[in-house]
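Here's the structure we're looking at; comments come further down.
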2 protein chains.
Amino acid sequence: MKELLSVLKISVPSKIYIKDPETSELGKKIIKHSILLLQEIGFENFTFKKLGAKIGSNESSIYRYFESKHKLLLYLTSWYWAWLEYQLVIETFSISDKKNKLEKAIEVVTRETKEDSKYSHINEVILYKIIVNESSKSFLTKEVDVENKEGYFEIYKRLVTRLQQIITEAKPDYKYGFSLASTIIEGALHQCYLKEHFPTITDCKDGETPTDFFNDLVLKLLIDGK
Amino acid sequence: MKELLSVLKISVPSKIYIKDPETSELGKKIIKHSILLLQEIGFENFTFKKLGAKIGSNESSIYRYFESKHKLLLYLTSWYWAWLEYQLVIETFSISDKKNKLEKAIEVVTRETKEDSKYSHINEVILYKIIVNESSKSFLTKEVDVENKEGYFEIYKRLVTRLQQIITEAKPDYKYGFSLASTIIEGALHQCYLKEHFPTITDCKDGETPTDFFNDLVLKLLIDGK
DNA sequence: CAAATATAATAGTAATACTATCAATTGAAA
DNA sequence: TTTCAATTGATAGTATTACTATTATATTTG
């Protein structure tokens with residue numbers, strides 16, 4: 001299943017980059033080390049100059065791939081959502097029981113990435129941490145509406161819509177499928193963040209995971225309830 | 001009820017500022033116009049120089065109140081959470097029925113601020129919009145653990161804990177009171193953001209509000225369920 | 001082998017995020 | 001009423017950021 005991705009390529013909206021980083025060694029190095037450097041120093045302190053130093057390359061060369069660090073972040077988040085969408089589709093495709101399908105879907109979108117699938121230069125475990133810490137910054141900007149029109153958030157919206165469809169199939173009369181789907185996806189990241197930095201205001205610790213929390217929630221909300 | 005606040009002062013952890021902006025005219029002007037300017041140009045484009053120009057004051061004078069724009073954002077978010085906590089306490093205090101109390105609590109923490117209470121220089125309607133757009137940036141930084149130790153997020157954590165208490169009182173055997181409380185508070189802001197910028201992935205439109213969504217959710221989850 | 005392309009090196013600009021110094025103003029206490 | 005302290009303003013300066021532009025040097029491809 002996972003091996004499929006060594007053949008398939010995760011595709012990111014092409015307007016996000018100037019030159020596709022997948023098409024060259026330098027491009028792949030930029031992606032690989034931007035993930036590592038973002039994890040190390042955070043988005044606010046991250047610069048192309050520092051990244052250049054890390055990979056023994058010039059700042060100006062990186063600018064030929066991405067016009068700003070914001071675009072690079074958009075690239076990484078889009079890649080992550082595409083990767084997650086792929087897993088959601090693969091892992092739920094053949095499940096016919098709608099309740100089981102929903103349960104699996106929640107598991108896929110709320111679980112912490114803990115294993116690097118190693119088929120590429122992208123370390124998914126670290127990328128997941130960057131998603132938890134930085135992904136909100138990719139859309140919480142003054143340019144969001146323009147960028148949305150350009151299609152930068154298509155993959156994310158498609159992922160939410162897929163989860164909404166699975167929810168609605170499991171419970172057709174539920175009114176808030178989209179809101180529930182978007183809440184689960186963002187909420188799981190937030191719970192993961194709280195666990196790390198504000199453990200006093202989450203129950204996701206001591207063996208309890210965001211998956212447990214949201215599975216319990218959705219089960220009670222949609223399946224058990226009257 | 002609202003008039004109480006013209007006597008009481010909302011108090012923000014004193015380590016956040018260098019000089020308390022409430023103690024001078026310039027300080028109040030800084031707060032008032034930082035809210036307006038943040039709304040206008042967003043946190044990334046906001047600078048003390050621009051704020052100085054707006055209020056006819058010097059950049060260096062503003063630095064005497066806040067050591068950075070990040071600290072100013074922390075001030076504004078803390079102020080907002082304190083204000084919300086105040087409302088939560090006042091509006092739920094005298095409700096003895098636990099279900100009603102929970103319902104009111106959810107209403108308070110999920111409703112959009114639409115009215116400026118006018119007892120001060122702070123425009124709560126615009127501040128609410130800033131919270132929706134920018135509040136995540138106050139904690140999604142590399143310095144979060146240090147700042148948390150300094151107590152910068154105490155009010156926020158206390159607010160979540162208050163909601164958790166009300167949840168747990170209404171349903172003592174529910175395991176995820178903290179996670180539910182933190183999810184509701186962040187989730188309501190997120191739904192408000194989606195409504196504005198990504199309406200295709202939320203149901204909060206056409207008269208449906210985040211309050212409706214979360215009330216329905218909590219009711220089914222905690223009250224109706226088996 | 002030539003031509004095209006990619007990368008590197010260097011320089012330069014305007015803005016940011018401050019710090020430091022000193023002068024002018026105000027207001028409160030002696 | 002002076003005076004002393006605190007506040008604010010004005011100016012200057014620094015290191016860094018977020019780029020753009022130009023030119024030189026490799027490398028790849030046709």
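A, B, ... follow the sequence lines: proteins, then strands. Residue 1 opens every chain.
- Only at 4.0 angstrom or more do the heavy atoms of residues 23-30 of chain A sit from any atom of DNA chain D, so none qualifies.
- For the residue pair A:Thr211 / A:Glu107, no side-chain donor-acceptor distance below 3.5 Å is found, with atom types taken as modelled.
- Within a 6.0 Å sphere centred on NZ of A:Lys50, heavy atoms belonging to other residues, nucleotides or ligands number more than 12.
- Aromatic ring centres of A:Tyr176 and B:Phe213: separated by under 6.0 Å.
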Base-pair map of DNA chain C as dot-bracket, where | denotes pairing with a different strand and pairs are Watson-Crick or G-U under 3.5 Å
||||||||||||||||||||||||||||||
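- Note: CG (A:Asn58) to C1' (D:dA26) measures 14 Å, nearest angstrom.
- Scanning DNA chain C 5' to 3' for nucleotides with an atom closer than 4.0 angstrom to a non-hydrogen atom of chain B gives a first and last hit of C:dT16 to C:dT21.
- Panel note: side chain B:Asp20, backbone B:Ser14; no donor-acceptor pair is recorded below 3.5 Å.
- The aromatic rings of A:Phe139 and B:His190 sit tilted relative to each other, their planes meeting at an angle between 30° and 60°.
- In the displayed structure, A:Lys49 atom NZ is contacted under 6.0 Å by at most 12 heavy atoms of other residues, nucleotides or ligands.
- If you check every strand for non-hydrogen atoms under 4.0 Å, A:Ser57 touches sugar and phosphate atoms only.
- If you measure from atom CD1 of B:Ile62 to atom P of D:dT11, you get 16 Å, rounded to the nearest angstrom.
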Evaluate the salt bridge (charged side-chain N to carboxylate O under 4.0 Å, His left out) criterion for residues A:Lys28 and A:Glu22: first the C-alpha distance (whole Å), next the side-chain angles of each, then the deciding distance (0.1 Å), finally the verdict.
CA-CA 6 Å; A:Lys28 285 176 197 160; A:Glu22 287 296 321; 5.2 Å; no
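- Remark: the backbone N or O of B:Asp212 is not paired with any side-chain donor or acceptor of B:Asn215 at under 3.5 angstrom.
- Considering only heavy atoms from C-beta on, B:Ser78 comes within 4.5 Å of B:Ile16 through its side chain.
- When atom types are taken as modelled, the side chain of A:Thr113 and the backbone of A:Val125 share no donor-acceptor pair closer than 3.5 angstrom.
- Counting non-hydrogen atoms of other residues, nucleotides and ligands closer than 6.0 Å to NZ of A:Lys205 gives a total above 12.
- Of the residues in residues 40-52 of chain B, not one comes within less than 4.0 Å of DNA chain D through any heavy atom.
- Of the residues in residues 64-75 of chain B, those placing a heavy atom less than 4.0 Å from an atom of DNA chain D are B:Arg64, B:Tyr65, in numerical order.
- At least one side-chain heavy atom of B:Ile184 sits less than 4.5 Å from a side-chain heavy atom of B:Leu180.
- Straight-line distance from the OH atom of B:Tyr63 to the C1' atom of D:dT11: 16 Å, rounded to whole Å.
- Under the side chain to side chain contact (heavy atoms under 4.5 Å, CB included) criterion, A:Glu112 pairs with A:Lys114, A:Tyr128, A:Cys192, A:Lys195, sequence neighbours left out.
- Judged by a 6.0 Å distance limit and a 45° cone about the ring axis, B:Lys69 is positioned over the six-membered ring of B:Phe43.
- The backbone N or O of B:Ser57 sits nowhere less than 3.5 Å from a side-chain atom of B:Ser61 that would complete a donor-acceptor pair.
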